[in-house]
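Take a look at the structure below.
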Amino acid sequence: MTEDALTLLCQDTEHIHSREELATKLKSGRPLRVKLGVDPTAPDIHLGHAVQLRKLRQFQDLGHQVVLIIGDFTAMIGDPSGRSATRPPLTHEEVLENAKTFTEQAFLILDKDKTETVYNGDWFSKMPFQEVIKLNAKVTMQQMLQREDFRKRIDSHQEVRLHEIQYPIMQGWDSVVIRSDVEIGGTDQLFNVLVGRDLQKGEGMDPQVVMTLPLLEGLDGNKKMSKSLGNYVGLTDVPDDMFGKLMSISDELMPRYYRLVLGEDMDAEMHPMEAKKQLAAKTVALYHNNDAAQAARTNFENKFAKGSLEEADLPEVDCPPAESPLIAFVSQVYQQTFDQKRSNGDIRRLIQQGSIQLNGEKLSDPKATLTLRAGDVLKLDKKRLIRLR
RNA sequence: GGGUAGAUUCCGGAGCGGUCAAACGGGGCAGACUGUAAAUCUGCUGGCUAUGCCUUCGAAGGUUCGAAUCCUUCUCUGCCCA
């Protein structure tokens with residue numbers, strides 16, 4: 001029984017320190033306190049976060065207690081992990097605002113009843129300076145400088161600010177405060193999480209088990225998924241977007257997405273396009289529902305299979321008056337339908353390059369005027385099409 | 001505290017008085033190709049009421065017919081020494 005649980009929990013992890021310790025803790029029979037710290041630097045959760053949240057959910061399903069730490073205090077410092085430059089600080093208001101939607105979305109995956117949500121500002125904002133100094137005395141400069149991120153920056157003559165060095169210490173102290181048994185994080189969190197072990201030992205506690213999970217690559221297949229790089233799939237993306245974004249990943253990336261997003265193995269025999277469509281559909285089904293997944297798939301197929309545009313479910317836009325200037329109309333559609341600001345120069349470029357198409361015909365004259373009829377389909381760029389009403 | 005180097009468009013990084021909206025690379029966007037993609041190739045990549053005009057080269061002043069380029073002060077950063 002414990003063996004099964006152990007195997008399950010260790011599945012799809014990158015690094016565990018250590019499996020034996022985890023086994024011992026599991027054998028104790030009490031619900032373990034499993035920590036995940038998140039800094040809500042952006043308001044939305046994406047599939048990269050989901051990898052970790054799904055692991056937490058496994059713990060919950062086995063009866064354990066999740067402690068979700070909202071780093072409202074640490075977010076203002078910014079985690080230097082993987083950063084080649086100091087993060088721009090966020091205001092506390094921004095962080096709290098983000099935290100609201102962030103936790104809401106986290107419960108799309110987590111079981112709310114088995115989750116304790118705490119804010120680390122609760123203890124850090126009240127910590128007297130004396131205590132800060134004491135805390136700093138518990139670690140050495142050399143320990144902190146072991147970190148590759150800092151090393152690299154020092155070697156390449158970039159600045160490292162002292163507050164950034166506080167970050168791992170604070171994250172470690174979180175573990176002491178909430179008395180965590182296990183801490184989960186991405187591979188880039190290994191250092192920070194290990195600091196937690198040290199600090200817990202220093203306080204005479206049984207140190208937490210460290211469990212790191214693979215970082216999901218973003219849509220570009222290169223860098224880790226993150227909002228700021230724009231290579232993410234949001235948990236709350238509408239089905240069509242979610243599907244479309246997943247279809248844009250490379251074939252090489254697919255098995256990894258199957259494992260980390262769905263927790264299953266890809267059928268290597270399947271035609272890659274079909275495999276990708278199933279990956280996309282299953283993901284949509286997971287965060288929306290089966291009907292939405294089916295609809296998104298049909299839509300995608302219609303949009304991209306030539307001649308089936310009439311079938312596709314596209315955003316509708318009212319016909320402009322006859323003889324409307326093309327540029328002005330396109331600009332307005334970007335703004336109103338897709339909430340994107342595009343300069344006229346930008347749109348002119350799209351036209352000249354043949355991106356703007358009416359019923360499949362390229363409109364390449366930037367000075368053209370248009371007379372549109374209901375039912376016409378206008379393509380703006382790869383991802384955006386509209387239907388006239 | 002002393003010395004020294006530097007701050008350029010999304011990023012890296014040229015430019016060192018006019019030919020600079022600013023080389024080149026990356027990224028991004030578009031087209032072709034394809035199995036949606038990826039890869040590859042090609043084009044574009046400050047704004048505008050557009051063969052011209054406007055705003056940009058850390059900030060503010062100044063010199064000059066003319067400044068990203070020269071001068072002054074300021075702000076910030078790296079490196080070396082203490």
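Just so we're on the same page: letters track the sequence lines, and every chain starts at 1. Values in this document were obtained by computation on a predicted structure and should not be read as measured data. These values consider heavy atoms only, across backbone and side chains, with no hydrogens, waters or symmetry-generated copies.
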Exercise. Is B/C24 paired to anything, Watson-Crick or G-U wobble with both distances less than 3.5 Å, and if yes, which nucleotide?
Worked result: B/G12

Exercise. According to a strict under-4.0 Å criterion, is A/Ser248 in side-chain N/O contact with OP1 or OP2 of B/U36?
Worked result: no

Exercise. Counting any heavy atom closer than 4.0 Å, what does A/Lys245 reach on the DNA or RNA strands: base, sugar-phosphate only, or nothing?
Worked result: nothing

Exercise. Is there a donor on the side chain of A/Asn344 or the base of B/G47 sitting less than 3.5 Å from an acceptor on the other?
Worked result: no

Seminar exercise, completed: Partner of A/Val38 under side chain to side chain contact (heavy atoms under 4.5 Å, CB included), picked from A/Ile69, A/Ile70, A/Leu53, is A/Ile70

Exercise. With no angle test and no hydrogens, is the base of B/G43 tied to the side chain of A/Gln353 by a donor-acceptor pair under 3.5 Å?
Worked result: yes

Exercise. Which part of the nucleic acid, if any, lies within contact of A/Lys362, taking any heavy atom under 4.0 Å across all strands shown: a base, the sugar-phosphate backbone alone, or nothing?
Worked result: sugar-phosphate

Problem set entry | Presence of A/Arg342 side-chain N/O under 4.0 Å of B/C29 phosphate oxygens OP1/OP2 | no

Exercise. Please give, in whole Å, the distance from B/C11 P to A/Gln158 CD?
Worked result: 14 Å

Exercise. In whole Å, what is the span from the CD1 atom of A/Ile347 to the P atom of B/G47?
Worked result: 11 Å

For this session: Kindly say whether A/Gln60 contributes a backbone atom to a donor-acceptor pair with the side chain of A/Lys114 at under 3.5 angstrom?
Result: yes

For this session: Scan A/Arg348 against the nucleic acid and name what it touches under 4.0 Å (heavy atoms): base, sugar-phosphate only, or nothing.
Result: base

For this session: Starting from C1' on B/A38, measure out to CE on A/Met254 and report it in whole angstrom.
Result: 10 Å

Exercise. Would a distance-only check, ignoring hydrogens and angles, find a side-chain to backbone donor-acceptor pair under 3.5 Å from A/Glu323 to A/Thr371?
Worked result: no

Exercise. P atom, B/A39 versus B/G28: distance in rounded Å?
Worked result: 9 Å

Seminar exercise, completed: Against the side chain of A/Ser250, the closest entry in B/G35, B/A38, B/G31 is B/A38

Exercise. When rounded to the nearest Å, what value does the distance between P atoms of B/G78 and B/G12 take?
Worked result: 15 Å

Exercise. Does A/Leu194 belong to the same Ile/Leu/Val/Met/Phe/Trp/Tyr cluster as A/Val139, with side-chain heavy atoms less than 4.5 Å apart forming each link?
Worked result: no

Exercise. Without hydrogens or angle criteria, can the side chains of A/Ser180 and A/Gln208 be said to hold a donor-acceptor pair below 3.5 Å?
Worked result: yes

For this session: For A/Glu159 and B/U77, give me the distance from atom CD to atom P, rounded to whole Å.
Result: 7 Å

Problem set entry | P atoms of B/A68 and B/C20, separation to the nearest Å | 12 Å

For this session: May I have the distance from A/Lys277 (atom NZ) to B/G35 (atom P), rounded to whole angstrom?
Result: 12 Å

Exercise. Looking at B/C76, B/A37, B/G47, which one has an atom nearest to any side-chain atom of A/Ser343?
Worked result: B/G47

Seminar exercise, completed: The nucleotide from B/C29, B/A37, B/G31 with an atom nearest the side chain of A/Leu350 is B/C29

Exercise. What nucleic acid atoms does A/Asp381 come within less than 4.0 Å of, heavy atoms only: base, sugar-phosphate, or nothing?
Worked result: sugar-phosphate

Exercise. Considering only the P atoms, how many Å lie between B/G43 and B/A23, rounded to the nearest integer?
Worked result: 16 Å

